[in-house]
Amino acid sequence: MTEPNTTKADLINTLEQRLSVSKRETQDILDALFELIKIQLGQGHAIKLPGFGNFSVRQKRERVGRNPKTGAAVPITARKVVSFKPSSILRERVDAGKKSYL
């Protein structure tokens, strides 16, 4: 059995209640935050969020993969990927399964 996903709408509703601002303002804040993160990562900058974790951009080298159906070698081009390393606080909270909302 899988756990239900938290959606952007869920985040907006929770923040709206917690911050006592309108849903529209909350959505604008969240959209601006996500856009800023995308811009910074797109420019190759790392993002450090104390108590949450670090986002960084890594370069993956070119390599040879395999087609699972045929077993044929397939070249995989070099590319940049976003990686996330959770903070110890986040790891502990996830491990303990704590449910708290802000």
Side-chain angles (χ1 to χ4, degrees):
M1 187 166 129
T2 61
E3 293 291 322
N5 293 325
T6 298
T7 65
K8 183 178 174 183
D10 295 331
L11 294 174
I12 290 169
N13 290 333
T14 301
L15 287 171
E16 174 190 17
Q17 293 169 6
R18 174 73 176 163
L19 300 176
S20 300
V21 295
S22 74
K23 187 173 281 196
R24 183 70 203 158
E25 289 175 307
T26 305
Q27 183 174 349
D28 288 346
I29 291 167
L30 202 56
D31 287 343
L33 174 64
F34 290 153
E35 186 62 26
L36 181 59
I37 289 171
K38 287 188 266 187
I39 289 168
Q40 292 299 308
L41 291 171
Q43 293 175 354
H45 300 288
I47 298 174
K48 298 175 188 263
L49 302 172
F52 188 72
N54 299 327
F55 293 91
S56 61
V57 178
R58 293 186 313 132
Q59 181 70 39
K60 292 192 89 172
R61 61 181 173 78
E62 186 174 342
R63 62 190 175 91
V64 176
R66 295 266 174 217
N67 179 325
K69 280 188 174 181
T70 65
V74 178
I76 300 172
T77 58
R79 64 193 187 283
K80 292 180 182 178
V81 296
V82 175
S83 68
F84 175 73
K85 182 177 180 189
S87 72
S88 58
I89 295 169
L90 179 58
R91 281 194 307 268
E92 289 170 10
R93 177 154 300 180
V94 168
D95 189 42
K98 294 180 184 172
K99 294 182 180 182
S100 81
Y101 298 104
L102 303 174

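Below, all heavy atoms of this structure are taken into account, side chains as well, without hydrogens, waters or symmetry copies. Being a predicted model, the structure only gives us computed values, none of them experimental.
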Salt bridge (charged side-chain N to carboxylate O under 4.0 Å, His left out) partners of residues 20-30, not counting sequence neighbours, each pair once:
Arg24-Asp28
I'd like to check the ring pair (Phe, Tyr, Trp, His ring centres under 6.0 Å) partners of Phe52; sequence neighbours left out, ordered by chain and number.
Phe84
Smallest heavy-atom separation, Leu30 atom then Lys8 atom, equals CD2-CG, 4.1 Å
Do any N or O atoms from the side chain of Asp10 and from the backbone of Thr7 form a donor-acceptor pair under 3.5 angstrom?
yes
pair Val57-Val81: side-chain heavy atoms closer than 4.5 Å
no
Find the distance between NZ (Lys38) and CG (Leu33) and round it off to the nearest 0.5 Å.
10.5 Å
Gap between atom CG of Leu15 and atom CD1 of Ile12 - 0.5 Å precision:
8.5 Å
His45 and Ile39, any side-chain heavy atoms less than 4.5 Å apart
no
Same hydrophobic cluster for Leu49 and Ile89, using side-chain heavy-atom links shorter than 4.5 Å among ILVMFWY?
no
Residue pairs passing the side-chain hydrogen bond (donor to acceptor under 3.5 Å, both in side chains) test with at least one member in residues 46-63, sequence neighbours excluded, are Ser56-Ser83
Check for a donor-acceptor pair, side chain of Asn67 on one end and backbone N or O of Lys69 on the other, with a separation under 3.5 Å.
yes
Atom CG of Leu36 and atom CD1 of Ile47: how far apart are they, to the nearest 0.5 Å?
6.5 Å
Side-chain donor or acceptor of Asn13 paired with backbone N/O of Ala9 under 3.5 Å
yes
